[in-house]
Amino acid sequence: MKVRVRFAPSPTGGLHLGGVRTVLYNYLFARANGGDFVLRVEDTDQNRFVAGAEQYIMDCLNWCGLIPDESPEKGGPYAPYRQSERKHLYADYAEQLIASGHAYYAFDTTEDLEKMRKDYRRDDNTNPQYDHNIRGLMLNSLTLPPEKVAELVQNGTPYVVRIKMPANETVMLTDMIRGEISFDSSLVDDKVLLKADGMPTYHLAVVVDDYLMKITHAFRGEEWLPSAPVHVLLWEYLGWKQHMPQWAHLPLILKPDGNGKLSKRDGDRLGFPVFAMNWTAPRTSETTKGFREMGFLPEAFVNMLAMLGWNSGSEQEIFSLDELVERFSIERVHKGGAKFDFEKAKWFNHQYIQRTDDATLAELAKPYIDMELGIGNWELGLLSKVVPLVKDRCTLLPDFWAQGHFFFTTPEIKEEAAIKEKWNDQKQQFFTSWINILTAQPTWDHAVIEATFNEELPKNGLKKGDVILPFRIMLVGGKYGPGVFVIAEVIGKDETIKRIKRVIG
RNA sequence: GGCGCGUUGGUCAAUCGGCUAAGACGCCUCCCUUUCACGGAGGAAUGACGGGUUCGACUCCCGUACGUGCUACCA
């Protein structure tokens with residue numbers, strides 16, 4: 001049987017780190033097993049629908065290079081891939097469940113449900129559920145005579161369909177990551193399967209669509225584990241038990257400080273991205289930063305995510321996507337959640353920058369230089385000289401500007417104190433006469449510049465250490481950067497002399 | 001409250017009964033570099049707790065604690 005996996009997001013906002021990791025594991029598993037990877041949009045909640053979110057999700061997958069084989073955009077043999085467009089399919093299955101006695105109509109209003117939760121709340125049961133103990137007390141096709149039910153349905157009274165959870169059964173589930181898990185069916189509530197608006201809930205839709213789309217392995221977040229028995233029973237009640245996919249409940253990605261699931265808020269609070277790419281909420285126009293815009297390379301982002309919850313068992317940490325396909329195994333995925341570490345994420349990006357060829361880096365860095373200087377306002381050829389000089393100091397793409405800005409424009413002197421404090425006549429004299437020597441130089445390369453620099457030192461009773469730092473600050477503005485004579489070579493004779501004069505007057 | 005899941009350094013983690021418990025990030029020291037990085041050499045830092053099982057337990061079992069997830073006509 002052909003392996004088929006699916007990523008099933010609901011289009012409600014930005015794509016979270018954890019979501020991308022779920023996509024990745026799906027993708028790796030599909031590729032490794034010669035299977036299909038499908039993107040199915042779970043837009044069954046009309047209240048939470050956010051315009052543009054679906055397109056955004058696909059853009060994120062594109063950026064990461066995790067392209068689905070079948071999707072709403074691309075189509076495929078099991079189209080449509082949007083649950084809202086599959087709405088008509090679900091009611092029949094709900095009816096089938098009612099007919100076989102595994103589900104029932106419920107006519108309780110929101111107020112009825114609130115009242116029930118209030119009335120039955122006790123200290124040892126702070127959250128009463130609509131379950132096998134309670135359903136006999138509610139307004140549904142189990143408590144109402146058949147004629148009454150038929151009448152209510154016919155005259156358009158809103159109703160939902162609920163699963164009838166059995167009492168005292170042990171529901172078993174074999175998880176690829178966690179092994180055997182069991183639940184007591186008495187403790188699981190009668191989940192709504194079909195909502196009053198005719199849309200299925202996740203519980204029904206996921207089972208029906210996984211069946212119809214012939215999904216063989218289902219990866220999802222650990223937060224779904226408690227509702228897994230509902231899904232297992234649905235597979236059984238619908239008569240599809242032998243087709244049920246193998247489950248893998250992935251560990252959560254936790255916030256770096258304290259505990260709990262990593263949320264968008266944590267990123268805002270601690271200054272790192274949580275979404276793959278910038279996301280602007282259409283309603284509020286509020287933008288949340290993404291890894292892409294912060295200057296991550298998609299390969300580094302994906303590699304980092306792969307290692308958050310999985311490792312190969314070897315000491316290797318840097319893997320290309322192809323290597324991951326080859327090495328990844330779901331059995332080696334951790335059970336416990338992992339705290340997200342932004343420092344480690346940056347380290348991955350630094351590694352990838354060092355391994356990327358200079359021409360590609362120049363392409364990647366270009367937009368950030370454009371952002372500072374304006375498109376077309378600077379010499380593109382200069383960037384290819386700068387990239388190899390500053391790349392080891394760059395962790396994120398904007399660092400190419402931070403580390404190399406002085407190649408493009410005359411920098412502001414930020415370390416003036418370091419020059420002024422120990423300034424004296426000898427130094428003044430040194431630079432004054434050195435400028436004249438430089439001006440007369442027919443060739444301009446770092447070796448020549450350094451040679452003249454060295455020759456001029458003793459004439460003024462100076463050592464290299466006395467003036468090399470001041471010279472650096474003249475050119476760079478601060479105490480950082482590549483070899484100072486190389487910088488002088490790259491910015492050119494006129495600019496070098498200009499920058500020295502600017503300081504010595 | 002109930003139920004599920006989890007628990008090796010600050011963080012990510014190896015180990016599938018033999019451990020003097022890898023490696024990476026971060027941190028610290030030193031070297032390299034008359035800058036900052038890169039690179040190199042070191043260092044501090046770990047099995048939640050209590051019982052079993054076993055010649056031997058980080059590894060297996062039980063309990064406790066702690067954490068976390070769910071407990072919606074949201075996914």
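Only this structure's heavy atoms are used, side chains among them; waters, hydrogens and symmetry mates stay out. In the text below, chain A, chain B and the rest are named by the order of the sequence lines, each starting its count at 1.
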I want to verify a distance call: between [options], whose nearest atom is closest to the [X] side chain?
{"X": "Leu187(A)", "options": "A72(B), G69(B), G2(B)", "value": "G2(B)"}
{"X": "Asn127(A)", "options": "U35(B), C74(B), U71(B)", "value": "U71(B)"}
{"X": "Leu113(A)", "options": "C73(B), A24(B), G23(B)", "value": "C73(B)"}
{"X": "Thr126(A)", "options": "A14(B), C73(B), G1(B)", "value": "G1(B)"}
{"X": "Thr201(A)", "options": "A75(B), U35(B), U68(B)", "value": "A75(B)"}
{"X": "Glu315(A)", "options": "G23(B), C73(B), C12(B)", "value": "G23(B)"}

Are the charged groups of [X] and [Y] less than 4.0 angstrom apart, N to O?
{"X": "Asp210(A)", "Y": "Arg6(A)", "answer": "yes"}
{"X": "Lys463(A)", "Y": "Asp466(A)", "answer": "no"}
{"X": "Lys255(A)", "Y": "Asp257(A)", "answer": "no"}

Taking the cut-offs as 6.0 angstrom to the six-membered ring centre and 45 degrees off its axis, would you call Arg40(A) and Phe7(A) a cation-pi pair?
no
Decide whether a cation-pi geometry holds between Lys420(A) and Trp423(A); the criteria are a distance under 6.0 Å from NZ or CZ to the six-membered ring centre and an angle within 45° of the ring axis.
no
Check: protein-nucleotides 41-46 of chain B nitrogen or oxygen pairs below 3.5 Å:
none

Taking C25(B) as the reference, what is the distance to A41(B) when you measure between their P atoms (whole Å, please)?
12 Å
Rounded P spacing from A13(B) to U8(B) in Å:
9 Å
Please report the distance, rounded to the nearest Å, between CD in Glu343(A) and P in G10(B).
17 Å
Any [X] side-chain N or O less than 4.0 Å from OP1/OP2 of [N]:
{"X": "Arg122(A)", "N": "G1(B)", "result": "no"}
{"X": "Lys479(A)", "N": "U34(B)", "result": "no"}
{"X": "Lys195(A)", "N": "A75(B)", "result": "yes"}
{"X": "Thr44(A)", "N": "A75(B)", "result": "yes"}
{"X": "Asn311(A)", "N": "A14(B)", "result": "yes"}
{"X": "Arg332(A)", "N": "U15(B)", "result": "yes"}

What's the separation between atom CZ in Phe430(A) and atom CD1 in Ile504(A), rounded to the nearest 0.5 Å?
10.5 Å
Supply the atom-to-atom distance Phe272(A) CZ to Lys346(A) NZ, rounded to the nearest 0.5 angstrom.
11.0 Å
In the structure I gave you, are the side-chain heavy atoms of Val192(A) and Val161(A) within less than 4.5 Å of one another anywhere?
no
Close N/O contacts between protein and nucleotides 4-9 of chain B (under 3.5 Å):
residue	atom	partner	partner atom	Å
C5(B)	O2'	Arg178(A)	NH1	2.5
C5(B)	O2'	Glu222(A)	OE2	3.1

Are Phe471(A) and Trp434(A) close enough that their ring centers fall under 6.0 Å?
yes
Is the count of non-hydrogen atoms from other residues, nucleotides or ligands lying under 6.0 Å from Lys479(A) atom NZ greater than 12?
no
